[in-house]
Amino acid sequence: MVRGKTEIKRIENATSRQVTFSKRRNGLLKKAFELSVLCDAEVGLIIFSPRSKLYEFSSSSIAKTIERYQKRVKETGINHTRDDNSQQARDETYGLTKKIEQIEISKRKLLGKGIDACSIEELQQLENQLERGLSRIRVKKYQLLREEIEKLKEEERNLIKENKELKEKWRGMGAIVVASPSSTLSSAEVNTDSNDNMEVETGLFIGPPEPRQSKKIPP
């Protein structure tokens with residue numbers, strides 16, 4: 001007698017459902033045991049009945065098997081994260097490479113290279129870009145020139161101020177130098193007047209010279 005294919009769906013009859021659960025549970029536990037023995041595999045099986053009754057099988061220890069499972073899941077998750085990050089980094093690198101290539105092409109076109117295949121619209125866009133670039137360059141150039149001119153004017157004002165201070169200082173020193181000779185001359189005149197007041201006697205002698213004594217000025 002050929003058995004028909006069983007339709008996989010929930011068994012509505014409670015008694016039949018319980019009988020089927022017991023038979024298939026025992027078969028599943030037997031298959032798990034055979035798999036662990038024949039293939040030298042670590043097998044862990046946990047079953048809860050409709051009434052929350054626990055049935056389990058482990059080729060070693062169910063706790064160790066669960067711990068190993070959790071550790072493996074964690075490592076796998078980390079590896080998946082690393083793979084995702086690596087893929088994202090590769091995508092970003094590819095995107096940056098494409099952007100660099102586009103920039104290099106635009107740079108060459110702005111320098112007038114590789115424009116043989118350009119259309120009129122592309123050439124017009126290049127011309128507009130160059131004009132905008134030149135305008136920005138001129139504005140920056142004039143700004144730097146104005147700043148340099150202001151800097152030179154400030155230096156000029158500082159030099160004029162220093163020159164004025166030096167002139168005033170030199171004039172003060174010249175007045176002191178001119179006053180010094182007049183003081184010396186006044187002292188000389190005083191000495192001359194003193195000498196004029198000195199009395200000196202002179203006389204005419206005939207014959208051999210005789211020693212003469214000058215008249216001393218009484219103090």
Side-chain angles (χ1 to χ4, degrees), residues 1-137 139-140 143:
M1 183 177 178
V2 180
R3 296 179 58 183
K5 186 176 181 181
T6 305
E7 185 179 1
I8 303 299
K9 68 176 184 178
R10 185 177 184 273
I11 301 173
E12 298 297 334
N13 186 275
T15 303
S16 299
R17 187 166 61 246
Q18 182 63 33
V19 172
T20 302
F21 172 77
S22 298
K23 290 181 178 180
R24 292 185 177 262
R25 178 200 65 201
N26 293 334
L28 184 59
L29 292 172
K30 182 180 179 181
K31 292 294 183 182
F33 171 75
E34 292 175 354
L35 179 63
S36 63
V37 174
L38 295 175
C39 301
D40 194 20
E42 183 177 355
V43 180
L45 177 63
I46 298 175
I47 303 173
F48 285 97
S49 70
R51 297 179 181 178
S52 300
K53 186 176 180 179
L54 174 63
Y55 300 91
E56 65 180 35
F57 167 80
S58 177
S59 57
S60 58
S61 170
I62 193 68
K64 291 182 179 179
T65 302
I66 293 174
E67 182 181 358
R68 182 179 179 184
Y69 167 78
Q70 292 176 342
K71 183 179 180 181
R72 181 60 181 171
V73 169
K74 185 177 180 180
E75 292 176 353
T76 305
I78 294 174
N79 291 333
H80 284 323
T81 303
R82 290 177 179 175
D83 293 339
D84 294 340
N85 293 336
S86 299
Q87 183 63 35
Q88 183 179 0
R90 286 193 292 269
D91 294 340
E92 291 179 356
T93 302
Y94 178 77
L96 290 174
T97 302
K98 286 295 183 181
K99 288 181 179 179
I100 292 173
E101 290 178 357
Q102 293 297 328
I103 292 172
E104 289 294 332
I105 292 173
S106 300
K107 180 181 177 182
R108 288 176 57 84
K109 288 181 178 180
L110 290 173
L111 294 175
K113 300 178 181 179
I115 59 175
D116 296 336
C118 292
S119 62
I120 297 177
E121 290 78 7
E122 292 176 345
L123 293 175
Q124 185 65 41
Q125 291 178 359
L126 289 174
E127 185 178 358
N128 295 335
Q129 290 179 2
L130 288 172
E131 289 178 354
R132 289 193 296 269
L134 286 173
S135 299
R136 289 192 292 268
I137 291 172
V139 170
K140 185 62 177 178
Q143 179 183 355

Are [X] and [Y] packed together at the side-chain level, in the sense that at least one heavy-atom pair is separated by less than 4.5 angstrom?
X      : Y      : answer
Ile66  : Ile46  : yes
Glu131 : Leu134 : no
Lys98  : Glu101 : yes
Phe33  : Leu28  : no

### Message
Counting only heavy atoms not in Leu54 (residues, nucleotides, ligands), do more than 12 fall under 6.0 Å from its CG?
### Response
yes

(message) How about CG on Asp40, more than 12 heavy atoms from neighbouring residues, nucleotides or ligands closer than 6.0 Å, or not?
(response) no

Quick check for you: to the nearest 0.5 Å, what is the distance between [X] atom [atom1] and [Y] atom [atom2]?
X      : Y      : atom1 : atom2 : answer
Cys118 : Glu122 : SG    : CD    : 4.5 Å
Thr65  : Glu56  : OG1   : CD    : 10.0 Å
Gln18  : Thr15  : CD    : OG1   : 8.5 Å
Lys74  : Lys71  : NZ    : NZ    : 10.0 Å
Glu67  : Ser61  : CD    : OG    : 9.0 Å
Ile100 : Ile105 : CD1   : CD1   : 12.0 Å

Closest non-hydrogen contact found for Ser59 with Ala41 is OG-O, 3.6 Å

Heavy-atom closest pair (Phe57 atom, Ile62 atom, distance to 0.1 Å) is O-CD1, 4.0 Å

Treating Arg17 as the side-chain partner and Glu12 as the backbone partner, does any N or O pair qualify as donor plus acceptor under 3.5 Å?
yes

| Just by modelled atom types, is the Gly44 backbone N or O under 3.5 Å from a matching donor or acceptor in the Ser58 side chain? | no

The side-chain hydrogen bond (donor to acceptor under 3.5 Å, both in side chains) partners of Arg25 (sequence neighbours excluded) come to Tyr55

Note: Glu75-Arg72 ion pair, threshold 4.0 Å (strictly below)
yes

Across all chains, not counting sequence neighbours, the salt bridge (Lys or Arg N to Asp or Glu O under 4.0 Å) partners of Glu42 are Arg68

